[in-house]
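Report on one structure; see the data block that follows.
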Amino acid sequence: MALPKVNVAKYEMVIPSTGQAVKYRPYLVAEEKILMIAMESGDQKQILSAISDVIEACVEGDIKASNLAIFDIETIFLNLRSKSVGESVDINVECQQEGCNETIQQHINVEDIKLPEIDESRNIIQLTPDIGITLKYPRFEDITSLDIDDMESIEGLMALVKNCLDTIFTEDEVYEASSHSDKELDEFLGNLSSDQFIKINQFFTGMPSLVYNLKFDCGKCNGANEIELRGIQSFFT
């Protein structure tokens, strides 16, 4: 005789970048084990891969994590974690006062961790008075295709920009990046000045991400601390 199956509650949320409403279930014990192993590894790619797999297992519908923006992945996982494990998380942080460095455990309500409002105008970068580009936020696939060392090199940043380039426009024409070869795009990006590339890089450094402003007093030195926690790994490692 087959064992009975436990009914699992379902919830609804909205994917930030698309506005699509989706239903999801909490992750199960076996899926939590996968996440814990990944978190303990400390390897960013392994952690993101595990989170991606769990999201695809728990969210209903034709959701492909590789096509979601990183802040979508973070937001979905935050909701999954809240409904699966609990609405609070304990993290260890160091006192920032000089000479102290005491490790202190802090209790955070998951509902207080917010994603900043998405400014749709940020994706338009005016390079010159006559030429500009529009960018897409990096997908999970775009980030995981690059190594950490790649992200810190000009070649890695160029590859990321090329993957996220949506259009190139002038006053009279709009050129779809997908309609042009890698060689053409490489040539266009290679002809940018340092100042123009800095403008583009600011789009990536200012991407929406889970953020929480943590304030606490150190029990050892009594110093007041204020730390901005940003990104999924700040809360669950």
Side-chain angles (χ1 to χ4, degrees), residues 8-9 11-17 24-55 57-59 65 68-119 137-138 140 143-144 148 151-152 202 204-237:
V8 180
Y11 305 90
E12 189 170 293
M13 66 161 292
V14 173
I15 298 177
S17 70
Y24 66 96
R25 62 164 174 80
Y27 52 74
L28 308 178
V29 172
E31 292 158 344
E32 183 178 8
K33 183 178 179 181
I34 293 171
L35 288 168
M36 289 177 64
I37 292 172
M39 295 290 186
E40 288 171 358
S41 75
D43 182 86
Q44 185 181 27
K45 278 196 172 183
Q46 187 175 339
I47 292 169
L48 288 173
S49 179
I51 290 174
S52 170
D53 291 343
V54 170
I55 285 174
C58 296
V59 177
L68 295 175
I70 285 294
F71 56 83
D72 289 330
I73 296 283
E74 292 182 346
T75 304
I76 295 171
F77 182 70
L78 182 70
N79 280 271
L80 285 176
R81 200 272 179 197
S82 174
K83 301 303 182 185
S84 305
V85 182
E87 296 182 352
S88 63
V89 60
D90 292 326
I91 66 168
N92 292 320
V93 293
E94 284 190 357
C95 176
Q96 303 297 297
Q97 301 300 317
E98 186 175 356
C100 183
N101 298 324
E102 177 78 355
T103 299
I104 304 157
Q105 187 175 79
Q106 291 293 301
H107 183 78
I108 299 176
N109 189 325
V110 171
E111 292 186 353
D112 293 333
I113 304 171
K114 303 295 184 183
L115 183 74
E117 185 176 346
I118 299 172
D119 182 358
Y137 283 112
F140 173 80
I143 297 296
T144 54
I148 298 299
M151 294 294 292
E152 296 177 353
Q202 287 172 345
F204 296 103
T205 57
M207 282 193 306
S209 183
L210 294 179
V211 65
Y212 179 82
N213 193 30
L214 177 64
K215 298 180 181 180
F216 64 94
D217 293 331
C218 176
K220 180 181 179 181
C221 71
N222 295 320
N225 288 264
E226 184 170 347
I227 303 173
E228 182 184 76
L229 301 175
R230 180 175 291 270
I232 197 74
Q233 287 180 262
S234 297
F235 304 101
F236 302 117
T237 57

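Remark: Ser52 pairs with no residue by the side-chain hydrogen bond (donor to acceptor under 3.5 Å, both in side chains) rule, at least two apart or across chains. Residues that satisfy the side-chain contact (heavy atoms from CB on, under 4.5 Å) test with Ser88, not counting sequence neighbours, are His107. Judged as a side-chain contact (heavy atoms from CB on, under 4.5 Å), and not counting sequence neighbours, the contacts of Arg25 are Val8, Leu28, Glu31, Ala57, Cys58. Every residue was checked against the salt bridge (charged side-chain N to carboxylate O under 4.0 Å, His left out) condition with Glu12, not counting sequence neighbours, and none meets it. With sequence neighbours left out, Tyr11 forms a ring pair (Phe, Tyr, Trp, His ring centres under 6.0 Å) with Tyr24. The ring pair (Phe, Tyr, Trp, His ring centres under 6.0 Å) search around Phe140 returns none, not counting sequence neighbours. In terms of the side-chain contact (heavy atoms from CB on, under 4.5 Å) criterion, residue partners of Ser49 (sequence neighbours excluded) are, by chain and number, Asp53.
Here Leu229 contributes atom CG and Ile91 contributes atom CD1; the two are 4.5 Å apart, rounded to the nearest 0.5 Å. Taken from CD1 in Ile70 to CZ in Phe204, the straight-line distance is 12.0 Å, to the nearest 0.5 Å. Distance check, rounded to the nearest 0.5 Å: CG of Leu214 to CD1 of Ile227 gives 5.5 Å. Atom-to-atom distance recorded for Ile118:CD1 and Met207:CE is 11.5 Å, nearest 0.5 angstrom. From Ile76, atom CD1 reaches atom CD1 of Ile51 across 11.0 Å, with rounding to the nearest 0.5 Å.
Contacts classified as side chain to side chain donor-acceptor pair (under 3.5 Å) and involving residues 211-225 (residues at least two apart or in different chains) are given here: Asn213-Glu226.
The shortest distance between side-chain heavy atoms of Tyr137 and Pro208 falls below 4.5 Å. Here the side chains of Tyr27 and Lys83 are not in contact, with every heavy-atom distance at 4.5 Å or above. A heavy-atom distance below 4.5 Å is not found between the side chains of Ile15 and Val59.
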Got a list of side-chain donor-acceptor pairs under 3.5 Å for residues 93-106, not counting sequence neighbours?
residue	atom	partner	partner atom	Å
Gln96	NE2	Glu94	O	2.8
Gln97	NE2	Ala224	O	2.8

Tell me which donor-acceptor pairs under 3.5 Å the side chains of residues 32-41 have, and how far apart each pair is, sequence neighbours excluded?
residue	atom	partner	partner atom	Å
Ser41	OG	Ala38	O	2.5
Ser41	OG	Asp43	N	3.2
Ser41	OG	Gln46	OE1	3.4

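Closest of all the heavy-atom pairs between Val110 and Gly86 is CG2-O, 4.2 Å.
Using a distance-only test at 3.5 Å, with no hydrogens or angles considered, no donor-acceptor pair links the side chain of Ser209 to the main chain of Arg230. At least one donor-acceptor pair under 3.5 Å links the side chain of Thr75 to the backbone N or O of Phe71. A donor-acceptor pair under 3.5 Å is formed between the side chain of Asp72 and the backbone N or O of Ser17.
The side-chain contact (heavy atoms from CB on, under 4.5 Å) test with Arg81 singles out one residue from Val89, Ile113, Ile232, and that residue is Val89.
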